[in-house]
Amino acid sequence: MKYQQKQTAKQSGWTPKGAKLAVAALMVSTLAACANYAGIHDDKQIQAPQALETQKSVPAEDGHWPAADWAAQFGDAQLQSLIEEALKSSPTIEQARARLANAMAYTETSKAKTLPSADASYSLKREQYSGTALVPPPYGGSWQTENQGLLSASYDLDLWGKNREAYKASLSQLQASVADTQVVRLELTESVARAYNDLARLYALRDIAAQEVAERDRVDQITQHRVTTGLDTDVERQTSEGDLSSSRAELKRLDGEVVSTRYQLAALLGEGPDRGLTIARPTMGPGDIVALPDNLPADLVSRRPDIVAARWRVDSITHEVKSAKAAFYPDINLSAAIGLDAFGFGEFLNAASRTASVGPAVHLPIFDGGELRAQLKGRYADFDYAVATYNQTLVTALSQVATDLSDIRSTDSQLEDAENAARSSRRAYDLAVVQYKAGLTNQLNVLITDVKALHADQVVANLKMDRRDKQIALAAALGGGYVDESGSADKAASAADAHAASQPVATPSQVVAATTAVQPK
């Protein structure tokens, strides 16, 4: 009989070996019929810093990159303590930390998809089974209590690396979040330093305003004397009193701005406005000599956290593109389960109540209405955006360095002339006051020289504060002491991704062989 069956099978051409070949042929033909990403590609590239022309605008000056404590160059211990306080207690920093924690959680979720999973479950249910359906008597038509306990496991073979690429994308996104945290720290540090310098500016202008009040009060006394002696009229007296009142009003305005700036600093520290009232008057010095480091464009990409973050996002989207491409190929998920299933409590622990299952589940994307192609196009659009963002970040960073340096050089060239003008204007004013007191000139000449001296003093004060403000901005534009350490982070990521790296991307013939190998014998 068996011989006749074998002969019949041979005559019909249907043998176990033939069945395996048929399955393999079916898989190959199915792969050929699967959705594909033909015609979808991209050739965008990130900008190389050396390709941007910077030799004239950003010259090599044998300078040094800013240190992490770059604010110490101004010699104001209070500024350094305020920066440290802001980095500890500002809500902005807490927001950055929360975003980083979220990125870390997402990375852990992505990693879990590359590993086997196991579950255990137990259920107890009371059910009335139909007497005319699948369950035969005596259980059919009666109420039964079913106990079921299962231990199950599954593993996605991930033959084309869809999950592994998604995990790598999450690792790169995590590195971008780490760099983003440094961006927030740098921006906060810069904001505190510049607000503190504004406070110093207001105090310098207030000193000039207070001096102006004293000078105009002295002129008013001279005018009162001249009116008494008949050398001046009530017109000069009213003019003098009006100028004195204007100077006092300006002094009060500056006092108000000092308080407002203190409140601004308190907000940057993450504290209430009263904290700002305890800040002492700044004692900032001129700072270090400004000189750009050599090889700046090339090294800047690892010194600016915003550029580093943009680069990691490009890398992340690159892996997302690969993951989207892998979604076009079949998925094979191996699953197994073992447990106990019985009616009632008495039979639950018997060997006869054992239940087990094992086998592969194959998902073949044949026709999806273009969803996979649309998803891949979306990832390529994200890639284009990430590349453009990186390029724009790099261009902006170089522009900031060049602009801040140019402003400092321009201020330096103005400052010497402005100081000479202030000295000359002040001497002219002093002479005019002496002559006015002696009756050799009129009040108008005094007022003209006074306005010029006041303006000249304000120009000098603003130029000095502007220069220091640009020094702070330049330190931030050069990265504020940040150094990209993601090289060591790459090694850590590679170690964490050893599982993914040990599994090469499969070919269609390999997946056919793997599928055939797990078929029940």
Side-chain angles (χ1 to χ4, degrees), residues 44-68 70-71 73-74 92 96 175-176 179-195 197-198 201 287-315 317 383-415 462-484 486:
K44 295 291 190 302
Q45 294 182 352
I46 61 176
Q47 180 74 55
Q50 297 89 337
L52 298 173
E53 297 182 3
T54 60
Q55 291 80 4
K56 296 180 180 179
S57 304
V58 188
E61 298 175 330
D62 195 28
H64 300 285
W65 291 95
W70 54 267
Q73 66 178 299
F74 301 112
T92 304
Q175 292 298 329
D180 283 339
T181 302
Q182 296 301 319
V183 171
V184 173
R185 290 174 61 89
L186 179 57
E187 290 177 347
L188 180 60
T189 301
E190 179 186 6
S191 296
V192 171
R194 297 183 77 168
N197 185 60
D198 282 341
R201 179 198 305 272
D288 297 337
I289 297 175
V290 176
L292 295 182
D294 296 338
N295 199 30
L296 192 148
D299 291 346
L300 188 64
V301 297
S302 63
R303 294 279 185 168
R304 289 267 303 218
D306 54 345
I307 299 179
V308 173
R311 175 171 56 82
W312 276 113
R313 287 194 168 86
V314 172
D315 188 72
I317 298 299
F383 176 78
D384 290 348
Y385 182 83
V387 169
T389 300
Y390 174 89
N391 293 340
Q392 184 59 56
T393 303
L394 176 60
V395 170
T396 301
L398 291 172
S399 176
Q400 287 175 344
V401 173
T403 300
D404 292 336
L405 179 65
S406 175
D407 288 343
I408 291 172
R409 299 293 185 242
S410 175
T411 302
D412 287 340
S413 64
Q414 297 175 56
L415 192 54
N462 279 315
L463 282 173
K464 289 180 177 179
M465 300 305 163
D466 285 344
R467 187 187 193 281
R468 193 157 57 203
D469 184 73
K470 291 305 178 181
Q471 281 182 268
I472 295 171
L474 180 60
L478 292 174
Y482 170 79
V483 179
D484 179 23
S486 56

Do you know which two heavy atoms are closest between Tyr482 and Gln182, and how far apart they sit? CE1-CG, 3.6 Å

So, Asp466 and Arg201, do they make that salt bridge, N to O below 4.0 Å? yes

Taking atom types as modelled and ignoring hydrogens, do the side chains of Ser191 and Glu187 form a donor-acceptor contact shorter than 3.5 angstrom? no

Treating Ser410 as the side-chain partner and Ser406 as the backbone partner, does any N or O pair qualify as donor plus acceptor under 3.5 Å? no

Of the options Leu292, Leu300, Val483, which is the one that meets Trp65 in a side chain to side chain contact (heavy atoms under 4.5 Å, CB included)? Leu300

Which pair of heavy atoms, one from Pro297 and one from Pro49, lies closest together, and at what distance? O-CB, 3.2 Å

Given side chain to side chain contact (heavy atoms under 4.5 Å, CB included), test Tyr390 with Val395 step by step and report yes or no. CA-CA 9 Å; Tyr390 174 89; Val395 170; over 6 Å; no

Can you check side chain to side chain contact (heavy atoms under 4.5 Å, CB included) on Leu478 and Trp70, steps first, answer last? CA-CA 11 Å; Leu478 292 174; Trp70 54 267; over 6 Å; no

Of all the heavy-atom pairs spanning Ala476 and Leu186, show the shortest one and how long it is. O-CD2, 3.5 Å

State, to 0.1 Å, how close Asn197 and Met465 come at their nearest heavy-atom pair, and which atoms those are. ND2-O, 3.0 Å

Side chain to side chain contact (heavy atoms under 4.5 Å, CB included) evaluation trace for Gln45 with Val387: CA-CA 7 Å; Gln45 294 182 352; Val387 169; 5.8 Å; no

Does a side-chain heavy-atom distance below 4.5 Å link Leu296 with Leu398? yes

For residues 290-305, the side chain to side chain donor-acceptor pair (under 3.5 Å) pairs (sequence neighbours left out) are Asn295-Asp299, Arg304-Asp306, Arg304-Gln400

Positive for side chain to side chain donor-acceptor pair (under 3.5 Å) with Arg467, one of Thr411, Asp412, Asn462: Asp412

Pairs involving residues 48-63, ordered by first then second residue, that meet salt bridge (charged side-chain N to carboxylate O under 4.0 Å, His left out) (sequence neighbours left out): Glu61-Arg409

Please examine the side chains of Ile46 and Asn391, heavy atoms only from C-beta on, and report whether any two atoms are closer than 4.5 Å. yes

Do Arg313 and Asp180 come close enough that some side-chain heavy atom pair is under 4.5 Å? yes

Can you pull the salt bridge (charged side-chain N to carboxylate O under 4.0 Å, His left out) pairs that have at least one residue in residues 385-408, sequence neighbours excluded? Asp407-Lys470

If you draw a 6.0 Å radius around CD in Gln50, do more than 12 non-hydrogen atoms from other residues or ligands fall strictly inside? yes

Is there side-chain contact between Ile472 and Phe74, with heavy atoms separated by less than 4.5 Å? yes

